[in-house]
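Beneath this line is the structure, given in structure tokens, with notes to follow.
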Amino acid sequence: MNQDDKKQAAAEKAVSLLPKGEFIGVGTGSTVNFLIDALAKIKYDIKGAVATSNETERRLIAAGIPVVTPAEAGRLPVYIDGADEINHSLQMIKGGGGALLREKVVASMADTFICIADDSKYVSKLGKFPLPVEVLPFARSLVAKALFRMGAEANLRVGFKSDSGHEILDVTGLDLLRPLTMEDEINKIVGVMENGLFARNAATTLVLGGNHGAEIISAR
Ligand code: 5RP
């Protein structure tokens, strides 16, 4: 199975875990795109979705799934999204697709978080993937200097603006052994809108696509 087959297997298995007749939160990325294709087949079972990016919103509407705002949905029983890395505690690095701010907002509204990923994303320690940090463009160099003082190197994602009009710094060199602490420390820097560590909003369940199909994994 190639990586896309594994993503698709995870996405299709995850559909069977969704509650019927409820609003759900839907993330962003290539794995989620497989999910949206699968949701199109069961669209009448879903009341609607909160989308974490303009691209996801466009795809959901094309699939015939009503898109609602966070305010219209209220709390969500389930948020479902991919990850760039996920550890054995189901803490994640996200934001490779640049949608991390809205993803964290929607994750924070949800009772449970189902992560869908191929097996290359499941790691024992987070940090090989550069950590995306979404910043207010006005404060970008101040944030980069603050991260430098924390021992990190921050590279601007050139030519990219998030759906909310912010820039992204891809950050390497941080020790992510304590993801909860680091998530909070980075968010204390003035000008940081959000960072891609999802430790406070870790996944509840991981649906991992591998060579033999998809398996459901809980936090260790
Ligand atoms: C987007 C994300 C994605 O979930 C993450 O980048 C994984 O993407 P893909 O499913 O394409 O591998 O956080 O902001």
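We count ligands from 1, going down the list as the structure has it; atoms in each ligand are counted the same way. This is a predicted model, so every value here is computed, not measured.
- For NZ of Lys125, the number of neighbouring non-hydrogen atoms (other residues, nucleotides, ligands) closer than 6.0 Å is greater than 12.
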Exercise. Hey, mind stepping through Leu136 and Met193 against side chain to side chain contact (heavy atoms under 4.5 Å, CB included) and telling me if it holds?
Worked result: CA-CA 7 Å; Leu136 189 72; Met193 309 311 299; 4.0 Å; yes
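- With Gly96, Ala83, Pro132 as candidates, the residue nearest to atom 7 (C) of ligand 1 on a non-hydrogen basis is Ala83.
- Residues meeting the side chain to side chain contact (heavy atoms under 4.5 Å, CB included) test with Ser218, sequence neighbours left out: none.
- Taking every heavy atom of Gly98 and a limit of under 4.0 angstrom, the matching atoms of ligand 1 come to 14 (O).
- Per-residue contacts place Thr31 under 4.0 angstrom from the following atoms of ligand 1 (heavy atoms of the residue considered): 9 (P), 10 (O), 12 (O).
- Tested against Gln3, the residues Asp118, Asp119, Thr31 include a single side chain to side chain donor-acceptor pair (under 3.5 Å) partner, Asp118.
- Proximity to Gly97 (heavy-atom distance under 4.0 Å) selects the following atoms of ligand 1: 1 (C), 6 (O), 14 (O).
- When every heavy atom of Phe198 is checked against every heavy atom of Leu100, the shortest pair comes out as CZ-O, 3.9 Å.
- For ligand 1, the atoms lying closer than 4.0 Å to a non-hydrogen atom of Asp81 are 4 (O).
- Under the side-chain contact (heavy atoms from CB on, under 4.5 Å) rule, Val26 has a single partner from Val106, Val50, Leu35, which is Leu35.
- Under the side-chain contact (heavy atoms from CB on, under 4.5 Å) test applied with Lys43, the options Ile36, Leu60, Ile65 reduce to a single match, Ile65.
- Closest to atom 3 (C) of ligand 1 among all protein heavy atoms lies Thr28 O, 3.2 Å.
- Each of the following atoms of ligand 1 lies closer than 4.0 Å to a heavy atom of Gly82: 4 (O).
- Remark: Phe113 pairs with Tyr79 by the ring pair (Phe, Tyr, Trp, His ring centres under 6.0 Å) rule, at least two apart or across chains.
- Of the protein's non-hydrogen atoms, Lys94 NZ, 3.0 Å is the one closest to atom 4 (O) of ligand 1.
- Both Leu126 and Val171 are assigned to one and the same hydrophobic cluster, defined by single-linkage of ILVMFWY side chains at heavy-atom distances under 4.5 Å.
- Residue-to-ligand polar distances place Ala99 within reach of ligand 1: an N/O pair is separated by less than 3.5 Å.
- Between Val32 and ligand 1, no pair of N/O atoms sits closer than 3.5 Å.
- Of the protein's non-hydrogen atoms, Glu103 OE2, 3.1 Å is the one closest to atom 1 (C) of ligand 1.
- Taking a 6.0 Å sphere around CZ of Phe160, one finds it holds more than 12 heavy atoms contributed by other residues, nucleotides or ligands.
- Ligand-side atoms of ligand 1 in range of Gly95: 2 (C), 13 (O), 14 (O), range being under 4.0 angstrom from any heavy atom.
- The protein heavy atom nearest to atom 12 (O) of ligand 1 is Lys121 NZ, 2.7 Å.
- What sits closest to atom 9 (P) of ligand 1 on the protein, heavy atoms only, is Ser30 OG, 3.3 Å.
- Counting only heavy atoms of the protein, atom 6 (O) of ligand 1 lies nearest to Asp84 OD1, 2.7 Å.
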